[in-house]
S.K.: 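The structure follows.
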Amino acid sequence: MHNQEVARVFYEIANLLEIKGENPFRIRAYRRAAQNIENLAEDITKVIQTNRKIPGIGQDLIQKIKEIIHTGTLQMYEELKKEIPPGLLDLVAIPGVGPRTAKTIYEHYGITSLDDLEKLCLEHKIQKLPGFKAKTEENILKGIQLVKKGRERRPLGLILPVSEEIIRTLKKKCHLERIDIAGSVRRRRETVKDIDILVCSSAPQEVMEVFTKLPIVSDVIAKGKTKSSIRTQDGLQVDLRVVEKNCYGAALCYFTGSKAHNIRIRELAIKKGLKINEYGIFEGDNYIGGKEEEEVFKAVGLPYIPPELREDRGEIEAGLQNKLPKLLELREIKGDLHVHSKYSDGAATLSEIAEKAREMGLQWVAVCDHSQSLKVAGGVSVEDLRRKRKEIEIFNQSSSDIKLLCGTEVDILNDGSLDYPDEILKELDFVIAAIHTGFKQDEATLTTRMVRAMENPYVHSIAHPTGRIINEREGYSLNLEQVFAKAVQTNTCLEINAYFKRLDLNDILSKTARDKGIKLTIGTDAHILDQMEYLRLGVFVARRGWLEKGDVLNTMSYDQLIHFLKRKK
Ligand code: DGT
Ligand code: CA
């Protein structure tokens, strides 16, 4: 996957140009291109090879992308970097800093490192700069914390494709009996520190050779007979272990974790006079099993526990009482409840969206474009919304398999009213309401806004309810207890936004919502077709939140869904 690499270069070019004070259109073009590339669910190399269009990317940028893929960098970027003091780009990467702020700070204090900036903030020297406030300083400090955290843990949505690519290559090039992703990636945690891979092979040396020479490798940290570690060009660590056939299941359990879950399993084992570790299940010194994961659970009196639940959040107790949930499966999902089309800032037409849904084996899609006042995101006027509805009606009449729902992601305005009048909302199949402005309001104001939106009889769900963006922004200050209570009272659903940086509601909050009887809606928030593939990330969150088929609207057939959505009205 070169997507991240290419996107990063383009983002940095945009920042460098901004520091230099270049043409804003040129800067925006690079940033948009970077965003669209980052959001591709497929490898950009493939997209370019097959001559497919990427929005915002013309011939000039395609040449640049090819150069990055072939040489690992871009001449023009390297030249630009020479014009800017080293380290300044690191400051720009801090959320809440940006090129202009970084430039001002640099001009006054001459610093270019994160730690120096943190020190200046703590000494309250930043708020003394012209045009800076105490709040700016506070936000920069928060931003620094986020960057530090982000260096440690990256979003699953970016790491999963890398893991899968490694597995594919190893399978193709080595003699393997078994191979699995373990660790937090297998448990589908929203962010991960590194990739853990487990292998069983009759030719372990060959596996180590191939692994340490993968094209993504930048350093080999360790290369041994049974364990090797590499670092990718992106700075991500990947560990690979080879284990014997007889202990494969026990090792897979051990290296899947979580650590907290493993501890509970071992305690149960001890109570039964057994010992369980990565080498197997033992009675005294006698090996009595461990080839399959199921044997480990069985030995301690548990049914198989899916990896997503292994966090010691009640799965052991539930398992012992045979009350584990029957987790939602990706194949049970029949549609996507949040996709943007060309009507607002999406790149695809209605029929392209339908075609993508067909390809993914879905049955329907709710096309939810932005509402009229969200001008930056191509908010749809009332007139265009009616045109869209007509187009969807005609589409549905002629489509025998895929159905579209005419939806909107209506803005919750600053006073809590909605960005379309009720007469308009009531004509739509599906309405999600979202906060896109006034993030910095206080808890009471934000909560009241959201609660008011839920009181509207035409609002079915709240999109990305907490507003957090992984490694970039904390959620809005909301009183979630009140939000959940109002959702119950008004029969309003809450979204699990499946976009890789959002995953909001998260696993724990999804479980809380479900326990209260709230239904969840999974929506990818796709702005380009490839992003519809993020649907699985939404399912992962749901599974980590103990959700079953009946807890999410996405498992309904089109007719069931339309029937259900009428209930609120
Ligand atoms: P992360 O931080 O995203 O990499 O999360 P994990 O869970 O992948 O953590 P990692 O990579 O440190 O370890 C992989 C698994 O190996 C972990 O989930 C459980 C197991 N493990 C690692 N160290 C220990 C340990 O000291 N004790 C136990 N019981 N298990 C361990
Ligand atoms: Ca790990």
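Ligands are counted one by one from 1 in listed order, and the atoms in each one are counted from 1 as well. On a predicted model such as this, the values are computed, not experimentally measured, just so you know.
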S.K.: Could you name each residue pair satisfying ring pair (Phe, Tyr, Trp, His ring centres under 6.0 Å) that touches residues 268-326, not counting sequence neighbours?
M.R.: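 Ring pair (Phe, Tyr, Trp, His ring centres under 6.0 Å) check on residues 268-326 returns F297-Y304.
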S.K.: Got a second to check how far R514's CZ is from L547's CG, nearest 0.5 Å?
M.R.: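 Here the rounded value is 6.0 Å.
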S.K.: At less than 4.0 angstrom from any atom of ligand 1, which residues have a non-hydrogen atom? List them by chain and residue number.
M.R.: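 If the criterion is a heavy atom under 4.0 Å, then ligand 1 touches R153, G183, S184, R187, V192, K193, D194, D196, Y254, F255, T256, G257, S258, K259, N262, R266.
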S.K.: Are the side chain of R241 and the backbone of I197 linked by a donor-acceptor contact shorter than 3.5 Å?
M.R.: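 Side chain of R241 to backbone of I197: no pair is present.
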S.K.: Return the set of protein N, O or S atoms whose distance to the Ca ion (ligand 2) is under 3.0 Å, each given as residue and atom.
M.R.: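 Checking every protein N, O and S atom gives D194 OD1, D196 OD2.
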S.K.: The criterion is ring-ring contact (aromatic ring centres under 6.0 Å, His included); which residues satisfy it with Y534, sequence neighbours excluded?
M.R.: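 Expected list: Y499, F500.
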S.K.: Hey, is NZ on K81 packed in by over 12 heavy atoms from elsewhere, all under 6.0 Å?
M.R.: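 Correct, the count exceeds 12.
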S.K.: Report yes or no: does E332 contribute a side-chain atom to a donor-acceptor pair with the main-chain N or O of T555 at less than 3.5 Å?
M.R.: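 Not at all, since once roles are kept as given, no pair shorter than 3.5 Å links the two residues.
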S.K.: State which residue, out of V162, L236, I470, fulfils the side-chain contact (heavy atoms from CB on, under 4.5 Å) condition with R154.
M.R.: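 Of all the options given, the one that passes is L236.
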S.K.: Could you tell me whether K298 atom NZ has more than 12 heavy atoms of other residues or ligands within 6.0 Å of it?
M.R.: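 Check fails, neighbour count at 12 or below.
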S.K.: Is the Lys NZ or Arg CZ of R473 less than 6.0 Å from the centre of F439's six-membered ring, within 45° of the axis?
M.R.: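 Geometry flag: set, cation within 6.0 Å and 45°.
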